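Computed from a predicted structure; not experimentally measured.
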Amino acid sequence: MSTENEGTEVPADPTAPSVPATPPVPATPPAVPPAAEQAPRPPQAPVEPAAPVPSAQEAPTQVQPPVPPAPPAQAPAAAPVPAAEPVTAGAPAGAGGWPPAPPAVPAWGEPVPAPSGAPEAPRRRGGGLVAAVLVAALVAGGIGGGIGYWAAQREDRGPESTTVSSGEAPASFKREAGTVAAVAAKALPSVVTIQAKSGDVQGEGGTGTGFVYDQEGHIVTNNHVVASAAEGGTLSATFSDGRTYDAEVVGRAEGYDVAVIKLKQPPKGLKPLPLGDSDRVAVGDATIAIGAPFGLSNTVTTGIISAKNRPVASGDGGGSNSYMSALQTDASINPGNSGGPLLDAAGAVIGINSAIQSTGGGYGQSQAGSIGLGFAIPVNQAKAVAEQLIKTGKPVYPVIGATVNMNEKGEGARIAEQGAGGTESVTPGGPAAEAGLRPGDVITSFGGHAIDSGPTLISEIWTHKPGDEVKVTYERDGKSASTTVVLGKRAGDS
């Protein structure tokens with residue numbers, strides 16, 4: 001049933017009879033249904049006395065003005081209503097005589113009179129809107145009060161920290177393989193700091209670095225690190241965990257600047273560093289250097305391979321020189337790094353740190369700090385030398401059997417006119433003589449590598465082994481020629 005006309009008088013149907021066609025029923029006072037007691041309907045506007053009503057097509061619906069509710073007063077008991085008598089058809093209801101007028105019944109749509117003593121029903125629409133607004137205000141006030149209380153409590157406690165303590169760090173945290181930290185963590189236990197002291201009264205010596213070569217306790221390092229202790233001096237090697245062991249020299253190669261020492265009482269569980277392939281190193285490859293620069297043990301620096309096949313002649317301060325076709329790196333290398341490993345990104349040894357370029361123009365480890373030009377002996381060469389020293393205690397060098405000028409530079413390596421002490425510069429029956437080389441010839445290429453000086457030629461010769469056949473290009477009387485030299489050998493540093 002639609003409620004659009006609630007509270008509005010509805011016109012009577014003109015075709016309906018004025019009285020019911022059924023027999024009259026005794027009228028009783030209208031009782032309020034239980035539903036009305038539980039949910040009283042709001043008071044509605046009173047209806048004006050009935051007047052002639054036009055037809056439904058002519059009379060529009062009229063909205064009645066609201067009437068203020070009656071004051072809540074105790075109503076007197078209603079007078080008893082006499083029982084209704086039968087109504088004769090055609091007699092107007094309520095006219096004098098019989099039947100008596102029935103009790104007043106509210107027209108359809110009018111409010112039911114409130115029972116005596118019943119509380120006034122609230123207005124349906126206006127009261128609901130006010131209640132909704134009050135509820136919203138209470139909810140908003142409660143939320144606002146809660147937020148204010150929370151903010152006040154935070155102010156009292158001060159700002160809360162979001163810092164994660166170290167104890168909350170994941171216990172399983174691991175650095176990825178190939179990172180500098182992972183490579184260093186794996187390599188450091190196999191790197192030692194070497195203390196060398198001479199056997200004389202002054203006890204001169206120095207600090208260098210070495211790395212574990214095998215499980216028998218052999219340590220590979222530079223010759224110039226242990227040279228002062230080679231004759232009656234003392235050596236010790238300290239690991240990254242602080243353990244120190246006495247050591248002794250097994251063999252030295254001055255020309256290669258390589259030496260092997262051995263721990264006198266090596267501990268169990270030594271882990272040799274893996275050896276890489278220096279022939280496969282490329283310019284731009286990452287490098288990691290480990291050593292004790294200026295005595296600062298277990299120092300790790302990083303860089304790249306900045307050049308290959310650099311001819312380097314370095315001195316150890318004792319008047320002897322070593323020659324190498326070195327790997328150049330910009331990893332920071334300083335005095336004390338000598339003998340330490342130069343690693344690739346996988347942690348394999350690709351070289352032995354041996355020399356630095358100083359601002360004074362010389363090579364060596366007694367100069368000022370690093371300027372980004374460090375040099376390492378290629379590990380392929382160092383490995384061959386180390387194996388020879390462990391086996392015999394003496395180095396073996398490949399030779400061509402000719403003396404070359406060590407001072408000229410720029411045009412090649414010139415074979416001297418005369419050797420040391422007035423000897424012949426080309427050894428009779430030696431490799432150079434057999435290849436047809438003569439005094440005065442200028443060697444410009446050796447094994448496909450350009451030669452610009454005597455030291456460069458020697459460093460290239462020492463990358464080979466005795467018995468190797470090497471192509472040589474030379475100039476004689478302004479003409480270029482080529483030949484093949486079969487390298488000879490020389491044992492020891494005498």
Side-chain angles (χ1 to χ4, degrees), residues 253-258 277-282 307-314 321-328 350-351 375-388 394-406 408-417 419-420 423-493:
E254 293 181 4
Y256 295 121
D257 197 17
V258 175
D277 185 353
S278 53
D279 290 341
R280 299 180 62 182
V281 171
K308 294 179 61 178
N309 303 314
R310 288 294 197 205
V312 175
S314 62
N321 290 324
S322 63
Y323 302 94
M324 55 184 163
S325 181
L327 298 174
Q328 180 180 312
I350 56 175
F375 304 95
I377 303 166
V379 73
N380 290 5
Q381 178 181 336
K383 178 182 178 181
V385 175
E387 291 289 348
Q388 183 66 36
K394 293 183 178 181
V396 173
Y397 299 94
V399 296
I400 63 171
T403 302
V404 296
N405 192 313
M406 301 297 289
E408 295 180 359
K409 185 177 181 180
E411 297 181 358
R414 183 182 298 276
I415 298 177
E417 296 293 338
T423 60
E424 296 184 49
S425 60
V426 177
T427 303
E434 292 292 329
L437 295 175
R438 304 176 184 176
D441 290 346
V442 178
I443 299 174
T444 57
S445 175
F446 187 87
H449 291 91
I451 303 300
D452 61 355
S453 64
T456 301
L457 175 61
I458 295 176
S459 66
E460 285 297 329
I461 291 173
W462 287 356
T463 62
H464 295 272
K465 297 177 181 179
D468 288 351
E469 296 183 0
V470 183
K471 182 179 179 180
V472 176
T473 300
Y474 63 95
E475 291 183 359
R476 179 186 299 167
D477 300 329
K479 295 181 180 180
S480 180
S482 296
T483 186
T484 299
V485 175
V486 179
L487 299 177
K489 70 176 182 178
R490 173 174 62 86
D493 286 315

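Listed for the Arg490 side chain is a donor-acceptor partner under 3.5 Å among the backbone atoms of Gly492. No donor-acceptor pair closer than 3.5 Å links the side chain of Lys489 to the backbone N or O of Val396. Between the side chain of Asp493 and the backbone N or O of Glu254, at least one donor-acceptor pair lies under 3.5 Å. The closest donor-acceptor contact from the side chain of Ser425 to the backbone of Ala416 lies under 3.5 Å.
In this structure, Arg438 places its CZ atom where only 12 or fewer heavy-atom neighbours from other residues, nucleotides or ligands lie under 6.0 Å away. The environment of Lys383 atom NZ is sparse: at most 12 non-hydrogen atoms of other residues, nucleotides or ligands sit within 6.0 angstrom. For Glu411, the CD atom is loosely surrounded, since the number of other residues' heavy atoms within 6.0 Å does not exceed 12.
Separating the OG1 atom in Thr427 from the CD atom in Glu434 is a distance of 11.5 Å, to the nearest 0.5 Å. Here the CG-OG1 distance, from Leu457 to Thr444, works out to 10.5 Å after rounding to the nearest 0.5 Å. To the nearest 0.5 Å, atom OG1 of residue Thr483 and atom OH of residue Tyr474 are 6.0 Å apart. With rounding to the nearest 0.5 angstrom, the OG1 atom of Thr456 is 12.0 Å from the CD1 atom of Ile443. Interatomic distance, CZ of Phe446 versus NE2 of His464, reported as 5.0 Å (0.5 Å rounding). Within the model, atoms CD1 of Ile451 and CD1 of Ile458 stand 10.5 Å from one another, a figure rounded to the nearest 0.5 Å.
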*Kindly indicate, with the supporting measurements, whether the criterion side-chain contact (heavy atoms from CB on, under 4.5 Å) is fulfilled by Arg414 and Val404.*
CA-CA 5 Å; Arg414 183 182 298 276; Val404 296; over 6 Å; no

*Can you check side-chain contact (heavy atoms from CB on, under 4.5 Å) on His449 and Asn309, steps first, answer last?*
CA-CA 9 Å; His449 291 91; Asn309 303 314; 3.8 Å; yes

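Between Leu487 and Pro431, the closest side-chain pair of non-hydrogen atoms is not below 4.5 Å. Residues Asn380 and Asp277 have side chains in contact (heavy-atom distance under 4.5 Å, counting atoms from C-beta outward). Side-chain contact check for Pro311 versus Ser459: some heavy-atom pair is nearer than 4.5 Å. Side-chain contact between Asp441 and Val426 is absent, with no heavy-atom pair separated by less than 4.5 Å. Considering only heavy atoms from C-beta on, Gln388 stays 4.5 Å or farther from Tyr256 through its side chain. You'll find the side chain of Ser482 reaches within 4.5 Å of the side chain of Lys471, heavy atoms only.
For the residue pair Gly467 and Val486, the shortest heavy atom distance occurs at O-CG1, 3.9 Å. Taking every heavy atom of both residues into account, Glu408 and Ser453 meet most closely at O-CB, 3.5 Å. For the pair Ile400 and Val485, the tightest heavy-atom approach, listed with the atom from each and the gap, is CG2-CG1, 4.3 Å. Nearest approach of Thr403 to Gly419, heavy atoms of both residues: OG1-CA, 4.2 Å. Minimum heavy-atom separation, Ala326 to Pro378: CA-CD, 4.3 Å. Here the closest non-hydrogen pair linking Ile415 and Pro439 is CG2-CA, 3.8 Å.
In this structure, Tyr397 and Trp462 have tilted ring planes: the angle between them lies in the 30° to 60° band.
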